[in-house]
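Given the structure is predicted, the values throughout are model-derived calculations rather than measurements. So that the names make sense, note that chain A is the first sequence line, chain B the second, and so on, each numbered from 1.
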2 protein chains.
Amino acid sequence: MTSSSALPARPPALRATPRGRAKAAIREESEQQILKAAESVFAEQGFKGATTAVIAARAGVPKANLHYYFPTKDDLYRRVIEDVCDSWLSRTGAFSATDDPAVALTRYIYAKMDLSRSRPDGSRVWANEMIRGARVTSDYISDTVRRWLRDREAAIRQWIDSGQIAPVDPRTLMFMIWASTQHFADFASQIRLLNDGTDYTDAAFTRQKRHVAEILLRGVGLSVPDSVDATTGASSAFLP
Amino acid sequence: MTSSSALPARPPALRATPRGRAKAAIREESEQQILKAAESVFAEQGFKGATTAVIAARAGVPKANLHYYFPTKDDLYRRVIEDVCDSWLSRTGAFSATDDPAVALTRYIYAKMDLSRSRPDGSRVWANEMIRGARVTSDYISDTVRRWLRDREAAIRQWIDSGQIAPVDPRTLMFMIWASTQHFADFASQIRLLNDGTDYTDAAFTRQKRHVAEILLRGVGLSVPDSVDATTGASSAFLP
DNA sequence: GGCAATCTCGACCAAACGGTCAAGATACAA
DNA sequence: TTGTATCTTGACCGTTTGGTCGAGATTGCC
């Protein structure tokens, strides 16, 4: 999935793709280094607190070089948000009314938990952007996310109408899944302090994924199916 | 509750209480105006993004006056966080093993939802502080919050042992309650965009409280008792 | 009233910041 | 090889920022 699909309002690139193959590779690598550094600094310091000098230092490039690839701090910030959106859309599968609700919801919850663990800074940048009022992402939310949510709600409503799950407010269910899963990224420092100052091991986090899924699944009248593997988030249902 | 109970590590006030009665009132009023303005600006802009000039302007005082009452921006920030902690401790009741779990959990969820609605900026400042790594609040979390959480977990565990609720991970349950309720403050702009750009009415928010409580209560094998009034968060149980 | 403590506030400052620039280095097509 | 597009980088600049200062206004106690 290309990044342009995530934020439709993205301004066009100021520079065309460089001619040579090596130049293109240099550009790609520099941009990725800067974007990776920017994601962590924006997550730690917020938009205003993040300085281009610190981002450049963390990326291992001079500040002027950062501004060569991303003319303004705002451009860089938008690209970071874009990449997070891309990641969420491409790495979190959707679900539909024809899916088994227990399997579908469990897979979705596991996938969102996995994203919180594998890319916590992305979640934090997103949370920061929401707290600040969704200035950069309002179009994306009003269009892409809203459509995506409408389709999920329709699936949940059909599950309710066919008696497969308990009657819950579909939108509230989705909000609670988002809130509960992203909590483990956004509030990681709080959780760490409450967990004796230690981070989750992989095994503990796998258990945590299951605990979250158990409460949410029971909350809609289901239970977590054994067929969904918590260690990867992948489902073995319908496989031999 | 005094603010000193919230953050034990709070540095002592640099100035003693003023002598006269009018002077003390002036001081109190000025500090409250500045704190109120600071809470909203810190919520909207983050720590670094908030400027003392903007806070002073919103409070209706000259910038030099702000620095007279709060010598540094960091002092002001700590006081804002302190006040939020105070509010959470004093306005959110606790619960214990002898309470009826359905009533106790519902009341707690309603109380936290009410706080998200009545003081969303406080929740956002807290969220920002957690995302930034809990620099100012680490002692408070490690001491006060951890003890508070330990006692709630003990109550939940007793409810489980006595068969009153389903076997869930107590800490995960508390995390999910926090995440789900605070989500309505921290992600208000996202929710607004998904709800056709309109904010919740009071009636809609009351319904929202109930939807959240329904899923969480069913998630531990209970249902929301009719005895708890969602419009205020108060419980009429055990009253005539 | 007199005097000390407290409060108000415009003007000011050093540091930090986002962004620019120009000059040189590198890679590629011809 | 030569010319051009791309990349690299230290030095630089105007603005913004947290914080200071000092002079004047207000209040409270004797």
Side-chain angles (χ1 to χ4, degrees), chain A residues 11 13-35 37-39 41-42 44-81 132 135-136, chain B residues 11 13-35 37-39 41-42 44-81 132 135-136:
Chain A
L14 296 178
R15 246 171 292 271
T17 308
R19 300 290 164 82
R21 219 161 303 168
K23 286 294 187 188
I26 286 175
R27 180 174 200 89
E28 183 66 21
E29 188 180 340
S30 291
E31 286 191 354
Q32 288 306 319
Q33 280 176 345
I34 295 168
L35 283 170
E39 184 170 305
V41 177
F42 279 130
E44 290 168 16
Q45 309 284 349
F47 175 76
K48 194 63 190 257
T51 69
T52 54
V54 168
I55 294 171
R58 194 169 296 187
V61 302
K63 192 181 68 161
N65 210 342
L66 180 149
H67 280 102
Y68 170 75
Y69 285 111
F70 302 94
T72 71
K73 184 180 170 181
D74 212 78
D75 292 332
L76 179 55
Y77 179 71
R78 286 170 188 270
R79 276 291 303 274
V80 169
I81 292 268
R132 296 201 326 142
R135 300 160 200 217
V136 169
Chain B
L14 296 178
R15 246 171 291 269
T17 308
R19 300 289 163 83
R21 220 161 302 168
K23 286 293 188 189
I26 286 176
R27 182 176 197 86
E28 182 67 21
E29 188 180 339
S30 291
E31 286 191 355
Q32 289 305 320
Q33 279 176 345
I34 295 168
L35 283 170
E39 184 170 305
V41 177
F42 279 130
E44 291 168 16
Q45 310 284 349
F47 175 77
K48 191 65 189 243
T51 70
T52 55
V54 168
I55 294 171
R58 194 169 297 187
V61 302
K63 193 181 67 162
N65 213 342
L66 181 149
H67 279 101
Y68 171 74
Y69 285 110
F70 303 94
T72 70
K73 183 179 170 181
D74 214 76
D75 292 331
L76 179 55
Y77 180 71
R78 286 171 188 271
R79 277 291 303 276
V80 169
I81 292 267
R132 295 202 326 145
R135 301 162 198 212
V136 168

Are A:L35 and A:F70 side-chain neighbours, meaning at least one heavy-atom pair lies under 4.5 Å?
-> yes
Given atom CD of B:Q45 and atom P of D:dT16, what is their separation to the nearest angstrom?
-> 15 Å
How close or far is atom C1' of D:dC7 from atom CG of A:L66, stated in whole angstroms?
-> 14 Å
Can you tell me the distance, in whole Å, between the CD atom of B:E31 and the C1' atom of C:dT6?
-> 13 Å
Examine A:R79 relative to A:F42 and say whether NZ or CZ is less than 6.0 Å from the centre of the six-membered ring and inside a 45° cone about the ring axis.
-> no
To the nearest Å, give me how far apart OH (B:Y77) and P (D:dG19) are.
-> 15 Å
Would one find a side-chain N or O of A:R27 under 4.0 angstrom from OP1 or OP2 of D:dT6?
-> no
Round to the nearest Å and state the distance from B:N65 atom CG to C:dC9 atom C1'.
-> 7 Å
Taking only the side-chain nitrogens and oxygens of B:Y69, find out if one of them lies under 4.0 Å from OP1 or OP2 of C:dT6.
-> no
Donor-acceptor pairs are to be reported for all side-chain atoms of residues 47-57 of chain A against protein atoms at under 3.5 Å, with residues two or more places apart or in another chain.
from	atom 1	to	atom 2	distance (Å)
A:T51	OG1	A:V54	N	3.1

Between CG of A:L66 and CD of A:Q33, what distance do you get to the nearest 0.5 Å?
-> 11.5 Å
For residues 56-65 of chain A, which residue pairs qualify under salt bridge (Lys or Arg N to Asp or Glu O under 4.0 Å), counting only residues two or more places apart or in two chains?
-> A:E44-A:R58
Whole-Å distance, B:I34 CD1 to C:dC7 P, equals 11 Å
Please identify each residue that fulfils side chain to side chain contact (heavy atoms under 4.5 Å, CB included) with A:S30, with sequence neighbours left out.
-> A:I26, A:Y69
At under 4.0 Å between heavy atoms, which parts of nucleotides 15-20 of chain C does protein reach? Answer with one letter per nucleotide, 5' to 3': B base, S sugar-phosphate only, - none.
-> --SBBB
